[in-house]
Amino acid sequence: MERKLLVLDIDGTLVNSSKAITPGVRDAIHEMLSAGHQVCLASGRPTPGIRHVASALELNKRGGLALNFNGALVTDLKSGEVVYEKKVARKFVRELYDFACEKDLGILTYARDIGRTGDYPKSEAPLVIFGRRPDPYLEDEANLNDLPWVLADDFVGDIDYDPYKILFTMDPSRGEELEKELASRYPGVLNIMRSEPYFLEACPLGIDKGACLDMLVPTLGFTRENTICCGDGFNDLTMVKWAGLGVAMGNAQQVVKDVAKYIAPSNDEDGVAHVIRKFIL
């Protein structure tokens with residue numbers, strides 16, 4: 001049997017529109033793990049935002065890696081050990097905040113030690129830091145990850161450390177234009193990408209899901225050829241292109257479908273279970 005590595009985006013891929021892992025997907029993943037294959041989670045989410053997902057899939061017991069912040073932080077799901085990390089230099093925080101003010105965007109980042117936290121209940125200190133007035137997209141990001149948030153009195157002054165990423169929110173109709181403009185300001189300096197039509201992210205240079213997997217997969221005993229990557233969003237584009245078998249969900253952005261080798265059913269149709277049963281089990 002040739003062991004396979006299945007790399008899964010979370011939102012829009014592993015979970016359905018209700019942000020739930022269906023029994024069909026869960027059972028298929030448990031079956032492939034029992035057969036000796038491995039799962040890796042790859043998400044723009046912060047580390048605490050994937051803990052309940054890892055627990056539901058028993059990856060905290062069976063093992064596996066999580067690529068958080070689009071690959072800026074890699075953790076071992078069983079031990080909690082940080083395998084790799086790269087951050088945005090603090091010197092860019094003021095410039096990125098000024099960009100948010102100039103374009104009237106929401107802006108957030110995450111607390112200093114979020115990469116090494118356990119599960120935080122709502123009563124704990126804020127782990128998501130808003131730089132400007134809350135908007136529905138900012139609140140969605142905090143609520144999605146079940147993390148407490150705060151509106152900073154002085155965003156630039158409070159972020160006195162190197163963050164994993166800076167996230168902007170905007171009307172989806174502005175996303176493509178703003179992505180191009182911000183990228184033009186930081187060529188060869190920062191990696192600028194959208195994860196959702198309304199999320200624009202400033203990440204460390206060289207950080208994306210595909211680049212991270214290219215570095216990590218050989219250390220796990222797998223090859224590019226026996227790696228399957230499933231995704232739906234703009235930030236999944238690089239790993240879907242990189243994989244031996246790149247899979248776009250039926251609900252994926254068209255640009256992801258354009259580079260995929262296979263189009264699976266949507267995340268509301270147990271698309272991940274379909275991929276497992278067709279290509280792994």
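Throughout, residue positions are numbered sequentially from 1 according to the sequence presented. The shown structure was predicted, so the numbers you read here are calculated from the model rather than taken from an experiment.
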For a 4.5 angstrom cut-off between non-hydrogen side-chain atoms, does [X] reach [Y]?
{"X": "Thr169", "Y": "Tyr198", "result": "no"}
{"X": "Glu177", "Y": "Glu179", "result": "no"}
{"X": "Asn145", "Y": "Pro48", "result": "no"}
{"X": "Lys87", "Y": "Pro163", "result": "no"}
{"X": "Phe222", "Y": "Arg3", "result": "yes"}
{"X": "Val272", "Y": "Thr13", "result": "yes"}

On a heavy-atom basis, which atom in [X] and which in [Y] lie closest, and how many Å separate them?
{"X": "Ile129", "Y": "Ala152", "result": "CG2-CB, 3.8 Å"}
{"X": "Asp135", "Y": "Tyr137", "result": "OD1-N, 2.9 Å"}
{"X": "Gly206", "Y": "Asn191", "result": "N-CB, 4.4 Å"}
{"X": "Asn267", "Y": "Ser17", "result": "ND2-N, 3.7 Å"}
{"X": "Ile10", "Y": "Ser43", "result": "CD1-CB, 3.9 Å"}
{"X": "Leu147", "Y": "Pro46", "result": "CD1-CG, 3.7 Å"}

Next item on the list: Give the intermediate values and the outcome of ring pair (Phe, Tyr, Trp, His ring centres under 6.0 Å) for residues Phe69 and Tyr110.
Entry: CA-CA 10 Å; Phe69 302 107; Tyr110 306 87; 5.2 Å; yes
Measure the [atom1]-[atom2] distance between [X] and [Y] for me, rounded to the nearest 0.5 Å.
{"X": "Leu14", "Y": "Leu57", "atom1": "CG", "atom2": "CG", "value": "5.5 Å"}
{"X": "Met239", "Y": "Asp9", "atom1": "CE", "atom2": "CG", "value": "5.5 Å"}
{"X": "Glu58", "Y": "Leu77", "atom1": "CD", "atom2": "CG", "value": "13.0 Å"}
{"X": "Lys180", "Y": "Leu182", "atom1": "NZ", "atom2": "CG", "value": "14.0 Å"}
{"X": "Thr47", "Y": "Leu67", "atom1": "OG1", "atom2": "CG", "value": "10.5 Å"}
{"X": "Asp162", "Y": "Lys91", "atom1": "CG", "atom2": "NZ", "value": "10.0 Å"}

Check: Just checking, is any N or O donor in the side chain of Asp232 or Gln253 under 3.5 Å from an acceptor N or O on the other one?
Finding: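 Per modelled atom types, Asp232 and Gln253 side chains form no pair under 3.5 Å.
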Checklist line | No-hydrogen, no-angle side-chain donor-acceptor test under 3.5 Å, Ser173 and Asp171 | finding: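 Short answer, yes.
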Margin query: With a 6.0 Å cut-off on the ring centroids, do Phe99 and Phe168 count as close?
Written below: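 That pair passes the under 6.0 Å test.
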Next item on the list: Compute the ring centroids of Phe199 and Phe234, then answer whether they are less than 6.0 Å apart.
Entry: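 Between Phe199 and Phe234, the centre distance exceeds or equals 6.0 Å.
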If Ile, Leu, Val, Met, Phe, Trp and Tyr residues are connected whenever their side-chain heavy atoms lie under 4.5 Å apart, and connections chain through other members, are [X] and [Y] in the same group?
{"X": "Ile107", "Y": "Val150", "value": "yes"}
{"X": "Val240", "Y": "Ile280", "value": "no"}
{"X": "Val39", "Y": "Val275", "value": "yes"}
{"X": "Val25", "Y": "Ile50", "value": "yes"}
{"X": "Met193", "Y": "Ile166", "value": "no"}

So, the side chain of [X] versus the backbone of [Y]: is there a donor-acceptor pair under 3.5 Å, distance only?
{"X": "Thr109", "Y": "Lys165", "result": "yes"}
{"X": "Arg45", "Y": "Asp11", "result": "no"}
{"X": "Ser18", "Y": "Ala20", "result": "no"}
{"X": "Asp146", "Y": "Asn143", "result": "no"}
{"X": "Ser55", "Y": "Arg51", "result": "no"}
{"X": "Asn16", "Y": "Asp270", "result": "no"}
{"X": "Glu269", "Y": "Ser266", "result": "yes"}

Using a strict threshold of under 4.0 Å (side-chain N to carboxylate O), is an ion pair present between [Y] and [X]?
{"X": "Arg224", "Y": "Asp214", "value": "no"}
{"X": "Arg185", "Y": "Glu95", "value": "no"}
{"X": "Arg277", "Y": "Glu31", "value": "yes"}
{"X": "Glu196", "Y": "Arg194", "value": "no"}
{"X": "Asp160", "Y": "Arg112", "value": "yes"}

Result of checking [options] against [X] for side chain to side chain contact (heavy atoms under 4.5 Å, CB included):
{"X": "Lys86", "options": "Pro204, Cys203, Cys212", "answer": "Pro204"}
{"X": "Leu213", "options": "Val7, Thr238, Val74, Asp208", "answer": "Val7"}
{"X": "Leu41", "options": "Asn68, Leu59, Leu65", "answer": "Leu59"}

Notebook entry, point to check: So Trp242 and Lys209, side chain to side chain contact (heavy atoms under 4.5 Å, CB included) or not? Walk me through it.
Noted result: CA-CA 9 Å; Trp242 176 86; Lys209 294 182 182 183; over 6 Å; no
Item checked: Working for side chain to side chain contact (heavy atoms under 4.5 Å, CB included), residues Leu105 and Leu178 -> CA-CA 10 Å; Leu105 309 178; Leu178 290 166; 3.7 Å; yes
Margin query: Let's go through Ser184 and Glu181 carefully: what are the C-alpha distance in whole Å and the side-chain angles of both, what is the deciding distance for side chain to side chain donor-acceptor pair (under 3.5 Å) to 0.1 Å, and is it a yes or a no?
Written below: CA-CA 5 Å; Ser184 72; Glu181 181 170 350; over 6 Å; no
Margin query: Would Leu6 and Gln38 count as a side chain to side chain contact (heavy atoms under 4.5 Å, CB included) here? Give the steps.
Written below: CA-CA 6 Å; Leu6 178 64; Gln38 192 166 337; over 6 Å; no
Next item on the list: Any ring pair (Phe, Tyr, Trp, His ring centres under 6.0 Å) involving residues 257-281? Give me the pairs, sequence neighbours left out, ordered by first then second residue.
Entry: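 Counting only pairs at least two positions apart or across chains, the ring pair (Phe, Tyr, Trp, His ring centres under 6.0 Å) contacts touching residues 257-281 are Tyr262-His274, Tyr262-Phe279.
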Next item on the list: Apply the test side chain to side chain contact (heavy atoms under 4.5 Å, CB included) to residues Ile228 and Leu5: give CA-CA distance (whole Å), side-chain angles for both, the deciding distance (0.1 Å), then the verdict.
Entry: CA-CA 6 Å; Ile228 301 172; Leu5 175 64; over 6 Å; no
Checklist line | Atom NZ of Lys19: over 12 foreign heavy atoms under 6.0 Å | finding: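 Result for NZ/Lys19: enclosed.
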